[in-house]
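Below is one structure, written out as structure tokens, with a few remarks after it.
Positions are given from 1 along the sequence. Remember, predicted model here, so these are calculated numbers, not experimental data.
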Amino acid sequence: MFPLVTGAYWQKSGYTHLSFLHQNIPEVKSKLPNIGQTIFTVMSQLAQNEKAINLSQGFPGFDCDSELQKLVSHFMQKGHNQYAPMSGMPKLREAIAEKTRKTLSINVDPDSEITVTSGATEALFAAITATVHAGDEVIVFEPAYDSYQPAIELSGGIPVFIPLTMPDFSIDWDLVKSKVSDKARLIIINTPHNPSGYVWTSDDLAQLAAIVEDKCIYILSDEVYEHIVFDGRKHLSLLSHPQLRKKSFVCSSFGKTFHITGWKIGYCIAPKALTVELRKVHQYLTFSTSTPMQLAIAEYLEEESRYLKLSAFYQQKRDLFCEGLKSTPFKFFPAQGSFFQLVEYGHLTDCSDLDLAVRLTKENKVASIPISVFYSGNQDPKMLRFCFAKRDEELLQALDRLQKANI
Ligand code: PMP
Ligand code: GLN
């Protein structure tokens, strides 16, 4: 089998054990014994080795706006090269508040409710660490983004996994009601959803609000694809729901919005009391985030079309990719949001999704992500995820290869 690099794989390889013996230092008792290298690293590395088109890890295959790059060097040359304030540059927090006002008609206080973090990953980790105590249950919908579970477990929390309903990955609210126990402390949601693209509806918000009403449960809402929704849909932030907002940490990322995943600049919006606790963790996790980049983004945000045009930009790519998929044997439902497209292949072969992803990378030179890795158990719904945040020519070439693939 292809070495999915899990903790178990490392242990089996004997690598850690032997190296510790040679150096005569005690073996580390892992806090995350079942965790290895993420599938994103594994597949991107394989794509590189195989010289395949990399539609696996989610990052844009084109550069960010040169205006944004110029702004970074401008602020560097003006001497903005030292620590930013712990909570983020005031100018950026104000710009985020302004964006929230423009897009959601909601006022958030930049001083007490917004924290700039080193990517959404840090915001998610800090929110989980701030709220989850040993023995607390955390509701996670799966397939789930891979950073949630390790963060929960490092805090001693117990993830309670709830499967999303096929084929559209919507939420079975009766099932949720039956799974939320008195021990539940946090519910993690993700809209638009990675990997399925599912976008929450107003009914989803209402159902969630009814479940958490009168309970001491917080919500962590991962909204990194907030500006990428299709077919006239509207992204419904948890900030737009007055009851939910009082209990929610809402996280986002400029990596997705401005094609700068390598800059790792994200943020978290939460009520003052929650922000106080989040910042206690953030203060010692990273303390603060790159100063010139924060200043550049703050200025770049002034022109709202720069984020408002993103849905149309990616819808053209989703449509182009889905049009080409029609000439492959895959089945699919066009994504509602995000920059990922799922395809089903169970009617074609019994091959595991990991094996198929590896085979397509090696033989057809197109890399994808197997969906089973987004599940905690052994589920394999026989689906692959393709990232369409790539140049049109690259997408067309990948489609040509997939159309010729012998699956
Ligand atoms: N949440 C989801 C659902 C993601 O897909 C990603 C990664 N792209 C992140 C969080 C992490 O965002 P960042 O790169 O800003 O840390
Ligand atoms: N969010 C990206 C994805 O889903 C990957 C981020 C990462 O590599 N950690 O592909």
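The line from CG of L238 to OG1 of T191 is 8.5 Å long, rounded to the nearest 0.5 Å. Considering NE2 of H241 and OG of S221, their distance stands at 12.5 Å, rounded to 0.5 Å. Atom CG of L310 and atom CZ of F339 lie 9.0 Å apart (nearest 0.5 Å). We find the SG-CG distance between C351 and L356 to be 5.0 Å, quoted to the nearest 0.5 Å. Annotation: the span from L55 atom CG to F321 atom CZ amounts to 5.5 Å, rounded to 0.5 Å. Rounding to the nearest 0.5 Å places CD of Q379 at 11.0 Å from CG of D353.
Counting all heavy atoms, side chain and backbone alike, S44 lies closest to N54 at OG-ND2, 3.0 Å.
Residues V212 and K247 have side chains in contact (heavy-atom distance under 4.5 Å, counting atoms from C-beta outward). Between I128 and L186 there is a side-chain heavy-atom pair separated by less than 4.5 Å. The shortest side-chain heavy-atom distance between T117 and L124 does not fall under the 4.5 Å cut-off. Inter-residue side-chain proximity for Y300 and D65 is flagged as met; some heavy-atom pair is nearer than 4.5 Å. Between P195 and L342 there is a side-chain heavy-atom pair separated by less than 4.5 Å. Side-chain contact between L154 and L32 is present, with at least one heavy-atom pair separated by less than 4.5 Å. Contact of the Q294 side chain with the T289 side chain is registered, since non-hydrogen atoms from C-beta on lie closer than 4.5 Å. Annotation: side chain of W200 is in contact with side chain of I171 (closest heavy-atom distance under 4.5 Å).
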Using side chain to side chain contact (heavy atoms under 4.5 Å, CB included), reason through I217 and I187 one step at a time and then give a plain yes or no.
CA-CA 7 Å; I217 298 182; I187 298 182; 3.8 Å; yes
List the steps and the verdict of side-chain hydrogen bond (donor to acceptor under 3.5 Å, both in side chains) for D172 and T165.
CA-CA 6 Å; D172 178 344; T165 313; 5.0 Å; no
Go through the steps for N81 and F75 under the test side chain to side chain contact (heavy atoms under 4.5 Å, CB included), then give the verdict.
CA-CA 8 Å; N81 297 304; F75 285 112; over 6 Å; no
For Q149 and E153, run side-chain hydrogen bond (donor to acceptor under 3.5 Å, both in side chains): C-alpha distance rounded to whole Å, both residues' side-chain angles, the deciding distance at 0.1 Å, then the answer.
CA-CA 6 Å; Q149 184 178 352; E153 289 176 352; 3.0 Å; yes
How far apart are the C-alpha atoms of Y198 and F333, what are their side-chain angles, what is the distance that settles it, and do they pass the ring-ring contact (aromatic ring centres under 6.0 Å, His included) test?
CA-CA 10 Å; Y198 179 78; F333 295 95; over 10 Å; no
Please walk me through it: do R185 and V138 pass side chain to side chain contact (heavy atoms under 4.5 Å, CB included)?
CA-CA 6 Å; R185 190 65 55 238; V138 181; 5.7 Å; no
W263 and V72: CA distance, side-chain angles, deciding distance, side chain to side chain contact (heavy atoms under 4.5 Å, CB included) verdict
CA-CA 11 Å; W263 292 17; V72 176; 3.2 Å; yes
Please assess F374 against H193 for the test ring-ring contact (aromatic ring centres under 6.0 Å, His included), listing each intermediate value before the final yes or no.
CA-CA 12 Å; F374 292 78; H193 181 246; 8.0 Å; no
Output, in order, the C-alpha distance, side-chain angles, deciding distance and verdict of side-chain hydrogen bond (donor to acceptor under 3.5 Å, both in side chains) for T328 and Q403.
CA-CA 5 Å; T328 69; Q403 284 154 4; over 6 Å; no
Can you list the steps and then say if W173 with D203 is a side-chain hydrogen bond (donor to acceptor under 3.5 Å, both in side chains)?
CA-CA 10 Å; W173 286 107; D203 182 58; 5.1 Å; no
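Salt-bridge formation is detected for the pair K317/D392: a Lys NZ or Arg NE/NH1/NH2 atom is positioned less than 4.0 Å from an Asp or Glu carboxylate oxygen. A salt bridge links R245 with E113: the closest approach of a Lys/Arg side-chain nitrogen to an acidic carboxylate oxygen falls below 4.0 angstrom. Salt-bridge annotation for K91 and E299: present, with a side-chain N of the basic residue lying under 4.0 Å from a carboxylate O of the acidic one. In summary, E226 and K99 engage in a salt bridge, as defined by a charged side-chain N under 4.0 Å from a carboxylate O. Using a 4.0 Å cut-off between charged nitrogen and carboxylate oxygen, R359 and D355 do not count as a salt-bridge pair. Remark: R93 engages D111 in a salt bridge, criterion side-chain N to carboxylate O under 4.0 Å.
Two rings, from H227 and F258, have their centers 6.0 Å or more apart. A centroid separation of less than 6.0 Å is found between the aromatic rings of F62 and F313. In this structure, the ring of F330 has its center no less than 6.0 angstrom from the ring center of Y345. Aromatic ring centroids of F141 and F161 lie 6.0 Å or more apart.
Checked by atom type and distance alone, the side chain of D204 pairs as donor or acceptor with a backbone atom of T201 at under 3.5 Å. At distances below 3.5 Å, at least one donor-acceptor pair connects side-chain atoms of S288 with backbone N or O atoms of A84. At distances below 3.5 Å, at least one donor-acceptor pair connects side-chain atoms of H282 with backbone N or O atoms of F287. The backbone N or O of K70 sits less than 3.5 Å from a side-chain atom of S73, completing a donor-acceptor pair. Distance alone, capped at 3.5 Å, is enough to place a donor-acceptor pair between the K365 side chain and the K362 backbone. Under a 3.5 Å cut-off, the side chain of E277 and the backbone N or O of T131 do not form any donor-acceptor pair. Remark: side-chain polar atoms of T291 are paired, donor with acceptor, to backbone N or O of Q82 under 3.5 angstrom. A donor-acceptor pair is defined here as one N or O able to donate and one able to accept, closer than 3.5 Å; such a pair exists between the side chain of K390 and the backbone of F59. Using a distance-only test at 3.5 Å, with no hydrogens or angles considered, no donor-acceptor pair links the side chain of D400 to the main chain of K404.
For the residue pair D168/Q336, the side-chain donor-acceptor check at 3.5 Å is not satisfied. In the model, N190 has no side-chain atom that pairs as donor or acceptor with a side-chain atom of Y225 under 3.5 Å.
The environment of CG in N49 is crowded: more than 12 heavy-atom neighbours from other residues, nucleotides or ligands sit within 6.0 Å. Few gaps surround NZ on K102; more than 12 heavy atoms of other groups in view lie less than 6.0 Å from it. Counting non-hydrogen atoms of neighbouring residues, nucleotides and ligands closer than 6.0 angstrom, the NZ atom of K215 exceeds 12 such neighbours.
Geometrically, R385 engages F340 in a cation-pi contact defined by less than 6.0 Å to the ring centre and at most 45° from the axis. Relative to the six-membered ring of F254, K256 misses at least one condition, a distance below 6.0 Å or an angle of at most 45° to the axis.
Checked options E302, E303, E304; the residue passing with R306 is E303 (criterion: side chain to side chain contact (heavy atoms under 4.5 Å, CB included)).
Classified by interplanar angle (parallel below 30°, tilted 30° to 60°, perpendicular above 60°), the ring pair F230/F388 is tilted.
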